[in-house]
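Read the structure below first, then the notes.
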Amino acid sequence: MRCLLNNEEAGLVSHFLVTAALRGFRHCFVMKAVSRNWFTSVHIALSLIGPPYAAGTSGVCRKNAVGRTPSLCSSTFAMSAHVKARCPVYPGSDSHRFPVPDDKLDWDTDWPQYRPVYYTAPTVLKKPVWADPEIGAFSPQFNTLDGSVDRRSHDGPYRIQNGKPLNPRGRTGLEGQGLLGRWGPNHAADPIVTRWKRESTGQHVLNTNSQLPVLQFVSIKRLDCGEWAIPGGMVDPGERISQTLQREFSEEALNSLQASPCEREKLQKRISELFSSSGLQVYKGYVDDPRNTDNAWMETVAINFHDESGNSVSELPLQAGDDAGQVSWIDVDSSLALYANHLHFLETVAKERNAHW
(Lines give C-alpha, C1' and ligand atoms only; values in the text may rest on other atoms or scores of the structure.)
Protein backbone atom coordinates (compact mmCIF):
# COMPACT_ATOMS: atom_id res chain seq x y z
CA MET A 1 0.00 0.00 0.00
CA ARG A 2 1.33 3.46 -0.91
CA CYS A 3 2.05 5.43 2.29
CA LEU A 4 2.96 8.88 0.92
CA LEU A 5 0.47 11.42 -0.39
CA ASN A 6 1.14 13.91 -3.12
CA ASN A 7 0.37 17.60 -2.58
CA GLU A 8 -3.16 17.38 -3.95
CA GLU A 9 -4.03 14.35 -1.81
CA ALA A 10 -2.44 15.88 1.30
CA GLY A 11 -4.50 19.01 0.79
CA LEU A 12 -7.69 16.99 0.58
CA VAL A 13 -6.81 15.05 3.73
CA SER A 14 -6.12 18.31 5.56
CA HIS A 15 -9.49 19.64 4.43
CA PHE A 16 -11.26 16.59 5.82
CA LEU A 17 -9.33 16.72 9.10
CA VAL A 18 -10.03 20.39 9.68
CA THR A 19 -13.70 19.99 8.81
CA ALA A 20 -14.01 17.04 11.16
CA ALA A 21 -12.28 18.88 13.99
CA LEU A 22 -14.51 21.92 13.58
CA ARG A 23 -17.63 19.82 13.68
CA GLY A 24 -16.43 17.97 16.74
CA PHE A 25 -17.41 14.59 15.39
CA ARG A 26 -15.97 11.76 17.47
CA HIS A 27 -14.94 8.16 16.84
CA CYS A 28 -18.37 6.74 15.98
CA PHE A 29 -18.25 6.26 12.23
CA VAL A 30 -16.18 3.79 10.23
CA MET A 31 -15.74 4.21 6.48
CA LYS A 32 -16.14 1.18 4.29
CA ALA A 33 -12.88 -0.02 2.83
CA VAL A 34 -12.39 0.75 -0.84
CA SER A 35 -10.01 -0.73 -3.31
CA ARG A 36 -8.38 2.37 -4.73
CA ASN A 37 -5.00 3.29 -3.22
CA TRP A 38 -5.85 6.97 -3.12
CA PHE A 39 -8.97 6.43 -1.06
CA THR A 40 -7.12 3.96 1.16
CA SER A 41 -4.57 6.64 2.03
CA VAL A 42 -7.31 9.13 2.87
CA HIS A 43 -9.09 6.51 4.97
CA ILE A 44 -5.98 5.98 7.11
CA ALA A 45 -5.91 9.65 8.00
CA LEU A 46 -9.66 9.86 8.59
CA SER A 47 -9.66 6.86 10.89
CA LEU A 48 -7.68 8.87 13.42
CA ILE A 49 -10.63 11.10 14.23
CA GLY A 50 -13.49 10.04 11.94
CA PRO A 51 -15.02 11.95 9.02
CA PRO A 52 -17.29 14.99 9.40
CA TYR A 53 -20.92 14.31 10.15
CA ALA A 54 -21.96 15.16 6.60
CA ALA A 55 -20.34 11.93 5.48
CA GLY A 56 -22.90 9.96 7.47
CA THR A 57 -25.78 10.48 5.11
CA SER A 58 -27.92 7.69 6.46
CA GLY A 59 -26.22 5.82 9.26
CA VAL A 60 -26.65 2.19 10.25
CA CYS A 61 -29.46 0.96 12.47
CA ARG A 62 -28.35 -1.62 14.98
CA LYS A 63 -30.06 -3.56 17.73
CA ASN A 64 -28.23 -2.47 20.83
CA ALA A 65 -27.95 -3.89 24.31
CA VAL A 66 -27.87 -1.71 27.39
CA GLY A 67 -24.34 -0.69 28.32
CA ARG A 68 -22.87 -0.60 24.82
CA THR A 69 -21.53 2.55 23.23
CA PRO A 70 -24.25 4.03 20.99
CA SER A 71 -23.97 3.54 17.24
CA LEU A 72 -24.58 6.39 14.81
CA CYS A 73 -28.34 5.81 14.91
CA SER A 74 -28.37 5.51 18.69
CA SER A 75 -26.45 8.67 19.43
CA THR A 76 -28.11 11.86 20.54
CA PHE A 77 -27.12 14.32 17.85
CA ALA A 78 -28.46 17.84 17.51
CA MET A 79 -32.22 17.74 17.75
CA SER A 80 -32.54 19.82 14.57
CA ALA A 81 -31.08 17.12 12.30
CA HIS A 82 -32.81 13.77 12.49
CA VAL A 83 -30.52 10.77 12.13
CA LYS A 84 -32.52 7.65 12.96
CA ALA A 85 -35.25 8.83 10.61
CA ARG A 86 -32.73 8.34 7.80
CA CYS A 87 -31.59 4.82 8.67
CA PRO A 88 -31.13 2.92 5.37
CA VAL A 89 -33.74 0.16 5.76
CA TYR A 90 -37.18 1.06 7.03
CA PRO A 91 -38.13 -1.00 10.16
CA GLY A 92 -40.08 -4.19 9.53
CA SER A 93 -39.66 -4.01 5.76
CA ASP A 94 -37.28 -4.47 2.86
CA SER A 95 -37.76 -0.86 1.73
CA HIS A 96 -34.54 1.11 1.43
CA ARG A 97 -34.72 4.83 1.96
CA PHE A 98 -33.45 7.21 -0.70
CA PRO A 99 -30.15 8.44 0.81
CA VAL A 100 -30.48 11.98 2.16
CA PRO A 101 -27.25 13.88 2.99
CA ASP A 102 -27.28 16.61 5.64
CA ASP A 103 -27.15 19.44 3.12
CA LYS A 104 -30.35 18.18 1.43
CA LEU A 105 -32.51 17.82 4.55
CA ASP A 106 -34.24 21.18 4.26
CA TRP A 107 -37.38 21.20 2.11
CA ASP A 108 -36.36 24.66 0.86
CA THR A 109 -33.17 23.23 -0.63
CA ASP A 110 -33.72 22.60 -4.33
CA TRP A 111 -33.10 18.93 -5.10
CA PRO A 112 -34.80 17.77 -8.34
CA GLN A 113 -33.02 14.38 -8.08
CA TYR A 114 -34.88 13.48 -4.86
CA ARG A 115 -36.82 10.24 -5.45
CA PRO A 116 -38.13 8.98 -2.09
CA VAL A 117 -39.48 5.43 -1.82
CA TYR A 118 -43.19 5.15 -1.06
CA TYR A 119 -44.10 2.75 1.73
CA THR A 120 -47.11 2.19 3.98
CA ALA A 121 -47.00 -0.97 6.08
CA PRO A 122 -49.54 -3.74 5.34
CA THR A 123 -50.85 -3.47 8.92
CA VAL A 124 -51.71 0.19 8.30
CA LEU A 125 -53.27 -0.51 4.89
CA LYS A 126 -55.71 -2.94 6.56
CA LYS A 127 -57.36 0.18 8.04
CA PRO A 128 -57.28 -0.57 11.78
CA VAL A 129 -59.16 1.86 14.01
CA TRP A 130 -55.93 3.60 15.03
CA ALA A 131 -54.84 4.39 11.45
CA ASP A 132 -55.82 6.98 8.85
CA PRO A 133 -56.89 5.94 5.33
CA GLU A 134 -54.84 6.94 2.31
CA ILE A 135 -54.87 10.64 1.42
CA GLY A 136 -57.64 11.11 -1.10
CA ALA A 137 -59.90 8.60 0.62
CA PHE A 138 -60.51 11.23 3.31
CA SER A 139 -59.70 14.87 3.96
CA PRO A 140 -57.89 15.34 7.29
CA GLN A 141 -57.75 18.80 8.83
CA PHE A 142 -54.07 19.32 9.48
CA ASN A 143 -52.57 21.70 12.07
CA THR A 144 -55.73 21.61 14.14
CA LEU A 145 -57.87 19.41 16.37
CA ASP A 146 -59.55 17.21 13.76
CA GLY A 147 -62.54 15.81 15.64
CA SER A 148 -60.97 13.73 18.42
CA VAL A 149 -57.65 13.37 16.59
CA ASP A 150 -55.10 16.03 17.47
CA ARG A 151 -53.18 16.85 14.29
CA ARG A 152 -51.33 19.78 15.83
CA SER A 153 -47.57 19.55 16.27
CA HIS A 154 -45.87 20.33 19.57
CA ASP A 155 -43.31 22.26 17.50
CA GLY A 156 -45.82 24.54 15.77
CA PRO A 157 -47.49 24.58 12.33
CA TYR A 158 -46.06 22.28 9.65
CA ARG A 159 -46.25 22.59 5.88
CA ILE A 160 -48.70 20.83 3.56
CA GLN A 161 -47.69 19.90 0.03
CA ASN A 162 -49.99 18.18 -2.47
CA GLY A 163 -52.43 17.48 0.33
CA LYS A 164 -49.80 15.76 2.50
CA PRO A 165 -47.97 17.07 5.57
CA LEU A 166 -44.21 17.54 5.38
CA ASN A 167 -41.89 16.31 8.13
CA PRO A 168 -40.80 19.46 10.03
CA ARG A 169 -37.23 18.17 10.33
CA GLY A 170 -36.88 17.66 6.59
CA ARG A 171 -36.48 14.80 4.14
CA THR A 172 -36.22 11.18 5.29
CA GLY A 173 -35.90 9.32 1.98
CA LEU A 174 -39.31 7.64 2.32
CA GLU A 175 -42.88 8.81 1.67
CA GLY A 176 -46.16 7.43 2.99
CA GLN A 177 -47.27 6.48 6.49
CA GLY A 178 -44.77 3.70 7.07
CA LEU A 179 -45.70 1.98 10.31
CA LEU A 180 -47.38 5.06 11.75
CA GLY A 181 -51.12 5.39 12.00
CA ARG A 182 -51.55 9.11 11.41
CA TRP A 183 -50.52 11.40 8.61
CA GLY A 184 -48.54 14.20 10.22
CA PRO A 185 -47.72 14.07 13.94
CA ASN A 186 -48.28 10.82 15.85
CA HIS A 187 -48.48 11.73 19.52
CA ALA A 188 -46.96 9.54 22.23
CA ALA A 189 -46.27 9.86 25.95
CA ASP A 190 -43.17 8.54 27.73
CA PRO A 191 -43.22 8.12 31.53
CA ILE A 192 -39.70 8.15 32.96
CA VAL A 193 -40.02 6.47 36.35
CA THR A 194 -36.89 6.81 38.49
CA ARG A 195 -35.57 5.99 41.96
CA TRP A 196 -32.22 6.30 43.73
CA LYS A 197 -29.95 3.28 43.67
CA ARG A 198 -29.37 2.28 47.29
CA GLU A 199 -27.06 0.13 49.38
CA SER A 200 -28.56 -2.62 51.54
CA THR A 201 -28.33 -0.09 54.38
CA GLY A 202 -30.55 2.34 52.49
CA GLN A 203 -27.76 4.79 51.68
CA HIS A 204 -27.47 6.22 48.18
CA VAL A 205 -24.96 4.52 45.88
CA LEU A 206 -22.42 7.05 44.59
CA ASN A 207 -20.64 6.69 41.27
CA THR A 208 -16.91 6.19 41.88
CA ASN A 209 -15.91 8.76 39.25
CA SER A 210 -18.44 11.57 39.60
CA GLN A 211 -19.21 10.96 43.29
CA LEU A 212 -22.83 11.75 42.47
CA PRO A 213 -25.78 9.54 43.45
CA VAL A 214 -26.85 6.99 40.84
CA LEU A 215 -30.38 7.10 39.46
CA GLN A 216 -32.22 4.04 38.18
CA PHE A 217 -35.10 4.07 35.71
CA VAL A 218 -37.65 1.51 34.56
CA SER A 219 -36.66 0.31 31.10
CA ILE A 220 -38.30 -2.15 28.72
CA LYS A 221 -36.78 -4.12 25.88
CA ARG A 222 -38.90 -3.55 22.81
CA LEU A 223 -40.07 -6.61 20.92
CA ASP A 224 -40.11 -4.87 17.54
CA CYS A 225 -36.42 -3.93 17.41
CA GLY A 226 -34.73 -5.42 20.48
CA GLU A 227 -33.64 -2.03 21.81
CA TRP A 228 -34.07 -0.88 25.40
CA ALA A 229 -36.42 2.05 25.87
CA ILE A 230 -38.55 4.08 28.21
CA PRO A 231 -41.99 2.43 28.49
CA GLY A 232 -44.43 4.57 26.57
CA GLY A 233 -47.07 4.51 23.89
CA MET A 234 -49.51 6.35 21.70
CA VAL A 235 -52.03 8.86 22.97
CA ASP A 236 -55.52 7.63 22.11
CA PRO A 237 -57.92 10.11 20.47
CA GLY A 238 -59.49 12.29 23.15
CA GLU A 239 -57.16 10.94 25.85
CA ARG A 240 -55.27 13.23 28.24
CA ILE A 241 -51.49 12.92 28.37
CA SER A 242 -51.65 12.08 32.08
CA GLN A 243 -53.93 9.13 31.33
CA THR A 244 -51.61 7.83 28.62
CA LEU A 245 -48.56 8.04 30.88
CA GLN A 246 -50.15 6.00 33.64
CA ARG A 247 -51.81 3.50 31.29
CA GLU A 248 -48.68 2.76 29.28
CA PHE A 249 -46.50 2.31 32.34
CA SER A 250 -49.04 -0.06 33.89
CA GLU A 251 -49.39 -2.13 30.72
CA GLU A 252 -45.75 -2.32 29.67
CA ALA A 253 -43.83 -2.40 32.95
CA LEU A 254 -46.34 -4.00 35.33
CA ASN A 255 -48.33 -6.14 32.87
CA SER A 256 -51.59 -4.87 34.33
CA LEU A 257 -53.58 -6.28 31.41
CA GLN A 258 -52.87 -9.81 32.63
CA ALA A 259 -53.42 -9.08 36.33
CA SER A 260 -56.51 -10.23 38.18
CA PRO A 261 -59.09 -7.55 39.08
CA CYS A 262 -57.88 -7.60 42.68
CA GLU A 263 -54.19 -7.30 41.72
CA ARG A 264 -54.98 -4.62 39.18
CA GLU A 265 -56.73 -2.55 41.82
CA LYS A 266 -53.68 -2.73 44.09
CA LEU A 267 -51.36 -1.78 41.24
CA GLN A 268 -53.51 1.16 40.22
CA LYS A 269 -53.66 2.48 43.77
CA ARG A 270 -49.88 2.39 44.14
CA ILE A 271 -48.99 3.95 40.79
CA SER A 272 -51.77 6.53 41.07
CA GLU A 273 -49.97 7.91 44.12
CA LEU A 274 -46.83 8.41 42.06
CA PHE A 275 -48.53 9.69 38.91
CA SER A 276 -50.79 12.07 40.84
CA SER A 277 -47.84 14.47 41.06
CA SER A 278 -47.26 16.87 38.19
CA GLY A 279 -43.87 15.29 37.50
CA LEU A 280 -40.92 16.90 35.74
CA GLN A 281 -41.55 17.60 32.07
CA VAL A 282 -38.34 16.56 30.35
CA TYR A 283 -39.21 16.98 26.69
CA LYS A 284 -42.07 17.90 24.40
CA GLY A 285 -41.73 17.76 20.63
CA TYR A 286 -40.38 15.87 17.64
CA VAL A 287 -38.77 12.46 18.14
CA ASP A 288 -35.98 11.20 15.90
CA ASP A 289 -37.59 7.81 15.32
CA PRO A 290 -36.69 5.19 12.68
CA ARG A 291 -40.40 4.89 11.81
CA ASN A 292 -40.63 8.51 10.66
CA THR A 293 -41.30 9.32 7.02
CA ASP A 294 -41.62 12.46 4.91
CA ASN A 295 -45.33 12.58 5.75
CA ALA A 296 -45.68 10.98 9.19
CA TRP A 297 -43.54 11.38 12.30
CA MET A 298 -43.41 10.73 16.04
CA GLU A 299 -43.78 13.40 18.71
CA THR A 300 -43.85 12.86 22.45
CA VAL A 301 -44.20 14.36 25.89
CA ALA A 302 -41.67 12.82 28.28
CA ILE A 303 -42.33 13.33 32.01
CA ASN A 304 -40.21 12.13 34.91
CA PHE A 305 -41.97 10.66 37.95
CA HIS A 306 -39.46 10.15 40.76
CA ASP A 307 -39.87 7.78 43.72
CA GLU A 308 -37.74 9.77 46.14
CA SER A 309 -38.29 7.61 49.21
CA GLY A 310 -38.15 4.28 47.39
CA ASN A 311 -41.37 3.00 48.93
CA SER A 312 -43.74 3.66 46.03
CA VAL A 313 -43.38 1.87 42.68
CA SER A 314 -39.93 0.70 43.75
CA GLU A 315 -41.61 -2.03 45.77
CA LEU A 316 -43.79 -3.27 42.91
CA PRO A 317 -42.69 -6.40 41.02
CA LEU A 318 -41.82 -5.43 37.46
CA GLN A 319 -43.33 -7.67 34.81
CA ALA A 320 -43.04 -7.18 31.06
CA GLY A 321 -46.30 -6.84 29.23
CA ASP A 322 -47.91 -5.47 26.08
CA ASP A 323 -45.10 -5.01 23.51
CA ALA A 324 -42.22 -5.34 26.01
CA GLY A 325 -39.89 -8.33 25.93
CA GLN A 326 -38.15 -7.59 29.23
CA VAL A 327 -38.42 -4.96 31.96
CA SER A 328 -35.84 -3.92 34.53
CA TRP A 329 -34.53 -1.15 36.77
CA ILE A 330 -31.39 0.10 34.99
CA ASP A 331 -28.70 2.51 36.16
CA VAL A 332 -28.80 5.89 34.42
CA ASP A 333 -25.50 6.46 32.63
CA SER A 334 -24.31 8.25 29.51
CA SER A 335 -22.96 4.98 28.04
CA LEU A 336 -26.43 3.49 27.58
CA ALA A 337 -27.70 2.75 24.08
CA LEU A 338 -31.44 3.38 23.95
CA TYR A 339 -34.28 3.56 21.43
CA ALA A 340 -34.91 6.80 19.50
CA ASN A 341 -33.72 9.85 21.50
CA HIS A 342 -34.54 8.39 24.92
CA LEU A 343 -30.95 8.87 26.06
CA HIS A 344 -31.42 12.61 25.63
CA PHE A 345 -34.41 12.46 28.00
CA LEU A 346 -32.39 10.63 30.66
CA GLU A 347 -29.55 13.13 30.42
CA THR A 348 -31.99 15.93 31.23
CA VAL A 349 -33.42 13.99 34.19
CA ALA A 350 -29.98 13.22 35.61
CA LYS A 351 -28.82 16.82 35.40
CA GLU A 352 -32.08 18.20 36.84
CA ARG A 353 -31.81 15.86 39.81
CA ASN A 354 -28.05 16.37 40.24
CA ALA A 355 -27.42 12.68 39.66
CA HIS A 356 -24.54 10.85 38.00
CA TRP A 357 -24.43 11.04 34.23
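This is a predicted model, so every value here is computed, not measured.
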Distance flag, aromatic centroids of W228 and H342, threshold under 6.0 Å = no

Below 4.5 Å, heavy atoms only, C-beta onward: do [X] and [Y] meet side chain to side chain?
| X | Y | result |
| --- | --- | --- |
| R152 | L145 | yes |
| V124 | L180 | no |
| L206 | V214 | no |
| R171 | Y114 | yes |
| Y339 | I230 | no |
| H82 | D289 | no |

For [X] and [Y], which I'm curious about, is there any donor-acceptor pair between the side chains at under 3.5 Å?
| X | Y | answer |
| --- | --- | --- |
| E308 | W196 | yes |
| N341 | Y283 | no |
| N167 | Y158 | no |

Taking [Y]'s backbone N and O only, do any of them form a donor-acceptor pair with [X]'s side chain (distance below 3.5 Å, no angle check)?
| X | Y | result |
| --- | --- | --- |
| N295 | P165 | yes |
| D146 | Q141 | yes |
| D150 | S148 | no |
| D190 | L245 | no |
| S219 | I330 | no |

Rounded at 0.5 Å granularity, tell me how far [atom1] in [X] sits from [atom2] in [Y].
| X | Y | atom1 | atom2 | result |
| --- | --- | --- | --- | --- |
| Q281 | F345 | CD | CZ | 10.5 Å |
| K197 | Q203 | NZ | CD | 15.0 Å |
| E134 | Q177 | CD | CD | 6.0 Å |
| N304 | T348 | CG | OG1 | 10.0 Å |
| L280 | R353 | CG | CZ | 5.5 Å |
| K284 | D155 | NZ | CG | 10.0 Å |

ask   = Listed by chain and number, what are the salt bridge (Lys or Arg N to Asp or Glu O under 4.0 Å) partners of D108, not counting sequence neighbours?
value =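 Only R159 meet the salt bridge (Lys or Arg N to Asp or Glu O under 4.0 Å) criterion with D108.
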
request  = Decide, yes or no, whether a salt bridge links D294 with R97 under the criterion of side-chain N to carboxylate O below 4.0 Å.
outcome  =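 No, D294 and R97 are not salt-bridged.
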
task = Salt-bridge test for D132 and K127: reply yes if a basic N is under 4.0 Å from a carboxylate O, no otherwise.
result =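 Looking at K127 together with D132, the answer is no, because their closest N to O distance does not fall below 4.0 Å.
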
inquiry  = Out of the candidates L212, L346, D333, only one should pair with W357 under the side-chain contact (heavy atoms from CB on, under 4.5 Å) rule; please name it.
reply    = L346

R195 to W329, cation-pi by 6.0 Å centre distance and 45° axis angle =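 Verdict for W329: a cation-pi partner in R195.
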
message = According to side chain to side chain donor-acceptor pair (under 3.5 Å), who are the partners of Y90, at least two apart in sequence or on a separate chain?
response = none

note = Across all chains, not counting sequence neighbours, the side chain to side chain donor-acceptor pair (under 3.5 Å) partners of D110 are none

Minimum heavy-atom distance A131-R182, with the two atoms named = C-NH1, 4.1 Å

request  = Any chance you could lay out the side chain to side chain donor-acceptor pair (under 3.5 Å) test for S153 and E299, step after step, and finish with the verdict?
outcome  = CA-CA 8 Å; S153 169; E299 297 191 8; 2.5 Å; yes

request  = Go through the steps for F138 and W183 under the test ring pair (Phe, Tyr, Trp, His ring centres under 6.0 Å), then give the verdict.
outcome  = CA-CA 11 Å; F138 83 132; W183 294 95; 7.9 Å; no

task = For atom CG of D94, decide whether the heavy atoms of other residues, nucleotides or ligands shown that lie under 6.0 angstrom number more than 12.
result = no

task = Please name the residue in the list D331, T194, D307 that meets the side-chain hydrogen bond (donor to acceptor under 3.5 Å, both in side chains) test with Q216.
result = D331

inquiry  = Checking F305 against F249 for the ring pair (Phe, Tyr, Trp, His ring centres under 6.0 Å) test, could you report, in this order, the C-alpha distance in whole Å, the side-chain angles of both residues, the deciding distance, and whether it holds?
reply    = CA-CA 11 Å; F305 297 94; F249 182 79; 8.8 Å; no

